[in-house]
There are 2 protein chains.
Amino acid sequence: MTSSNALPMRADARRNLERILQAAREAFAEGGMDVGVEEIARRAGVGKATFFRRFPTKEALVTALYEDFVDEVLGAIDQALAENADDPLGPLRAFLEHSMRTQAHNKAFFEAVAARYVPPVEMTDRIMDGVERVMEPARAAGLLRPGVERGDVSTATKMLGAAIRPMEGLLLCEAAWPRYLDVVLSGLVGDTPMPGVAADPCAMVREFSASSA
Amino acid sequence: MTSSNALPMRADARRNLERILQAAREAFAEGGMDVGVEEIARRAGVGKATFFRRFPTKEALVTALYEDFVDEVLGAIDQALAENADDPLGPLRAFLEHSMRTQAHNKAFFEAVAARYVPPVEMTDRIMDGVERVMEPARAAGLLRPGVERGDVSTATKMLGAAIRPMEGLLLCEAAWPRYLDVVLSGLVGDTPMPGVAADPCAMVREFSASSA
DNA sequence: CGACAACCGGACCGCTCGGTCCGCATGAAC
DNA sequence: GTTCATGCGGACCGAGCGGTCCGGTTGTCG
């Protein structure tokens with residue numbers, strides 16, 4: 001879709017687009033979603049107008065980058081499944097670990113998980129399908145508490161994100177991470193049925209998007 | 001300190017101060033920390049200048065209100081202890097439930113717990129002392145996993161806050177709350193020693209405040 | 001090489017927010 | 001009732017944001 005028909009972009013334009021994307025990734029990782037467009041353009045060595053020629057709005061850039069995140073998460077899920085074929089709980093644990101690392105090293109992703117940015121519906125669908133896959137071995141082995149659903153795992157990533165960031169901009173030292181991963185994972189494993197009702201992020205995003213439209 | 005020596009405030013001034021505080025409480029509850037000063041003044045039926053005559057800065061108002069929060073939390077802890085004298089886990093559970101309710105119904109408090117606002121050192125100390133008290137019965141009864149510390153309970157409140165707010169401004173229906181409370185509480189209860197190291201919020205706030213000064 | 005379209009970037013706009021200023025109103029003391 | 005310090009609020013300021021405009025530049029193609 002980026003370079004389909006019509007004549008291809010001029011060489012400098014294409015190069016600048018790449019630099020903008022890279023600069024945005026770095027800036028968002030460090031400063032979170034609300035780094036200014038000007039800051040991103042400056043890092044890319046480009047004028048603000050050049051930015052807005054590529055992306056009609058800042059939101060459009062965020063969406064473009066979010067697609068990368070989705071791909072990365074899905075890749076991590078595949079890897080977690082491949083590397084833990086012997087341990088039923090392994091993929092889920094590896095996925096949650098990956099989520100903690102990502103949230104720790106990418107402030108914008110953290111905020112996305114904390115849902116300050118509501119992603120397009122189909123991206124949430126893709127992520128949640130992956131979540132379903134990563135928890136399946138544990139469920140099949142009967143390790144998960146009866147009633148644990150994909151929404152619970154999604155919530156677990158949010159809980160872990162909140163756990164490793166005690167204060168604005170301050171990250172818990174990595175030595176503390178296993179502690180909270182262990183707490184959450186212990187809470188999902190066992191025989192006691194889950195109480196209450198589960199919430200499904202896909203349904204929520206759909207509802208939210210519908211109400212916004 | 002508010003009305004010590006010097007001559008007392010004029011009657012209208014005192015009345016307006018009270019209205020500002022009340023309006024701020026409501027506005028912060030609904031809109032979070034970043035409702036504008038103008039909005040607060042408008043709700044109080046007062047000019048913006050009147051606001052800044054009472055509080056040198058918006059931050060000063062936040063601090064003043066945060067003291068109320070601390071008192072309320074400590075009150076809830078006392079109540080949780082008093083009403084659950086028979087159940088060793090009861091006070092801790094009641095405290096976490098209270099924390100969920102408070103975070104759900106008060107957006108500003110949520111953000112405070114998420115540490116977008118870093119409170120003064122001594123307030124954190126008072127809160128954490130209360131946390132220590134509320135977990136003591138469970139610890140004494142040997143219900144808590146070896147190594148669980150007050151920082152873990154503090155983290156638990158943050159995790160639960162993240163769990164009940166799936167997306168910006170959207171609250172999970174209350175039917176889902178027990179589910180996540182159960183997950184977290186299950187993760188803190190048992191025989192397995194806690195892995196990793198614990199983090200202490202008091203130390204962190206101290207460190208943070210020192211680095212900011 | 002020449003010409004043109006695509007592209008560039010800095011100046012600019014409109015908006016919001018925290019915070020200030022100043023002319024006017026008013027409660028309190030006599 | 002008179003006086004005046006205290007308090008009042010709307011107009012104002014400067015900074016920073018997302019987004020636009022236009023005169024100059026540059027890649028590309030014949």
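Everything quoted here is computed from the prediction, not taken from an experiment. Atoms considered below: every heavy atom in the structure, side chains included; atoms not considered: hydrogens, waters and symmetry mates. A note on names: the letters A, B, ... follow the listed sequences, proteins ahead of strands, and every chain is numbered from 1.
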> Between E26(A) and Q22(A), does any side-chain donor sit less than 3.5 Å from a side-chain acceptor?
Replying inline: yes
> Reckon D34(B) touches a base, only the sugar-phosphate, or nothing at all at heavy-atom distances under 4.0 Å?
Replying inline: nothing
> Please give, in whole Å, the distance from dG18(C) P to E39(B) CD?
Replying inline: 11 Å
> What does nucleotides 25-30 of chain C look like as a protein-contact string, B for base, S for sugar-phosphate only, - for none, at under 4.0 angstrom between heavy atoms?
Replying inline: -BSS--
>> Quick one: does any side-chain atom of K158(A) pair with a main-chain N or O of P166(B) as donor and acceptor, under 3.5 Å?
In response: yes
>> Show, in sequence, the C-alpha distance, side-chain angles and deciding distance for E122(B) and R126(B), and conclude whether the salt bridge (charged side-chain N to carboxylate O under 4.0 Å, His left out) test is met.
In response: CA-CA 6 Å; E122(B) 79 274 11; R126(B) 290 176 60 201; over 6 Å; no
> Nearest-Å distance, CZ (R14(A)) to C1' (dA6(C))?
Replying inline: 14 Å
> Got more than 12 heavy atoms from elsewhere within 6.0 Å of CD, E72(A)?
Replying inline: yes
>> Are E30(B) and E39(B) packed together at the side-chain level, in the sense that at least one heavy-atom pair is separated by less than 4.5 angstrom?
In response: no
>> How many whole angstroms separate atom CD1 of I40(B) from atom C1' of dG18(C)?
In response: 11 Å
> Between dG9(D) atom C1' and R15(B) atom CZ, what is the distance in whole Å?
Replying inline: 14 Å
> For E38(A) and dC8(C), what is the distance between atoms CD and C1' respectively, to the nearest whole Å?
Replying inline: 15 Å
> So, E67(A) versus T63(A): side-chain donor-acceptor pair below 3.5 Å or not?
Replying inline: no
> Hey, is R206(B) close enough to D200(B) for a salt bridge, meaning N to O under 4.0 Å?
Replying inline: no
>> Let's see if you get this right: which residues in residues 42-61 of chain B place a heavy atom under 4.0 Å from DNA chain D?
In response: G45(B), V46(B), G47(B), A49(B), T50(B), R53(B), R54(B)
>> Is N16(A) close enough to dC8(C) that one of its side-chain N or O atoms is under 4.0 Å from OP1 or OP2 there?
In response: yes
> In terms of side-chain geometry, is the basic nitrogen of D152(A) or R145(A) positioned less than 4.0 Å from the acidic oxygen of its partner?
Replying inline: no
